2 protein chains.
Amino acid sequence: MVKSQLNEVFAALADPTRRAMLADLARVPSLTAGQLAEPHSMTLPAISKHLAVLERAGLLTRTRRGRHQICSLNPRPLREAADWLSRHERFWTERVDALHDYLVKETP
Amino acid sequence: MVKSQLNEVFAALADPTRRAMLADLARVPSLTAGQLAEPHSMTLPAISKHLAVLERAGLLTRTRRGRHQICSLNPRPLREAADWLSRHERFWTERVDALHDYLVKETP
DNA sequence: GCAATACTTTACCGTGTGGTTAAGAGTCAG
DNA sequence: CTGACTCTTAACCACACGGTAAAGTATTGC
């Protein structure tokens, strides 16, 4: 039932505008579409599309209140994405540690 | 210098074939392109493109050894992606906890 | 040298993304 | 009822993605 969605979630995260929106929603629990649009120099239709992408990924729920569109974050798919990453983290860490000596000169 | 790359990394993660490849490389430190292709019913050019995407994202390094292309995982960009997620994790967690009672019947 | 192996590159195709402008739809204020 | 406000939808564009088949490039084995 809760089919993967990982594709959509990672795809949604691949755009800086959408990451900024998610970051905004992490700070303020609910924002209107206009408020989410404001920091970005972009037309409203573009914003609306980004919201649609976030909604399809299950990251966002939109509800009309009067003439405002209230957007709020649904963090569960983000947790799924983080889980996918941490599921393999042990292996990376081992390798990162192994590389540390090797790379220490490149990363002061 | 280590310019964001987050876009490319998340975009790379948005495809199940590429996630499977990364998972394979997390288990086995280095594999040939052919070995990476084998589990997927897909032509080699398609595989080659996926490898190129992973390479552009900085997740993969390819080196020729004889007529084999040796692929190995570079986990650092993955760690950056995980960092982005965990940077906001606190907020999600609060909200997830708040939702827990509400959703507990749906997630046994 | 020749053929097989192991890929990669080059078109090509259909679909989706990220953006625009222009028009539409729903809601509140007077 | 009329506007003004807050978005969304529709139409369009250029470009990238994910796949294919066909041709090209190295490299190894005989």
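Bear in mind that the values here come from a model prediction, so they are computed numbers and not experimental data. Chain A is the first sequence line, chain B the second, and so forth, proteins listed ahead of strands; every chain is numbered from 1.
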Asp15(B) CG to dA16(D) C1', in whole Å, measures 14 Å
Please output the side-chain donor-acceptor pairs of residues 43-59 of chain B that fall under 3.5 Å, not counting sequence neighbours, one pair per line with the distance.
{"unit_1": "His50(B)", "atom_1": "ND1", "unit_2": "Arg18(B)", "atom_2": "NH1", "d": "3.1"}
{"unit_1": "Glu55(B)", "atom_1": "OE1", "unit_2": "Arg62(B)", "atom_2": "NE", "d": "3.2"}
{"unit_1": "Glu55(B)", "atom_1": "OE1", "unit_2": "Arg62(B)", "atom_2": "NH2", "d": "2.6"}

Here the pair of heavy atoms bringing Ala14(B) nearest to Arg19(B) is C-NH1, 3.7 Å
Just to confirm, is there a sub-4.0 Å distance from OP1 or OP2 of dT17(C) to any side-chain nitrogen or oxygen of Arg56(A)?
-> yes
- Message: I want to check something: taking the side chain as every heavy atom from C-beta on, are Leu60(A) and Asn74(A) in contact at a cut-off of under 4.5 Å?
- Response: no
Here the distance between atom P of dA4(D) and atom NE2 of His68(A), to the nearest Å, is 17 Å
All heavy atoms of Pro16(A) vs all of Asn7(B), minimum pair found to be CD-ND2, 3.5 Å
From CG of Leu60(A) across to P of dC7(D) the rounded distance in Å is 13 Å
To the nearest angstrom, the CG-C1' distance between Leu51(B) and dG19(D) comes to 15 Å
Whole-Å distance, Ile47(A) CD1 to dT21(C) P, equals 14 Å
Sorted by number, residues from residues 33-45 of chain B placing a heavy atom under 4.0 Å from DNA chain C are Ala33(B), Gly34(B), Leu44(B), Pro45(B)
Closest non-hydrogen contact found for Leu13(B) with Phe10(A) is O-CD1, 3.4 Å
Whole-Å distance, Leu54(A) CG to dT8(D) P, equals 12 Å
For dG18(D), take OP1 and OP2 only and decide whether either is under 4.0 Å from a side-chain N or O of Arg18(B). yes
Rounded to whole Å, CG of Leu31(A) lies from P of dT6(D) at a distance of 15 Å
Looking only at side-chain N and O atoms, does His50(B) come under 4.0 Å of OP1 or OP2 in dG19(D)? yes
Correct closest heavy-atom pair for Val9(A) and Ala81(A) would be CG1-CB, 4.0 Å
Atom CZ of Arg64(B) and atom P of dT9(C) are separated, to the nearest Å, by 10 Å
The answer to which of Thr32(A) and Ala11(B) contacts DNA chain D further toward the 5' end, by nearest nucleotide, is Thr32(A)
Strictly below 4.0 Å: does Arg62(A) bring a side-chain N or O up to OP1 or OP2 of dT6(D)?
no
- Would Leu25(B) and Leu36(B) satisfy side chain to side chain contact (heavy atoms under 4.5 Å, CB included), going step by step from the backbone distance to the final call? CA-CA 8 Å; Leu25(B) 286 169; Leu36(B) 279 166; 4.1 Å; yes
**Prompt:** Base, sugar-phosphate, or nothing for Thr17(A), non-hydrogen atoms under 4.0 angstrom?
**Reply:** nothing
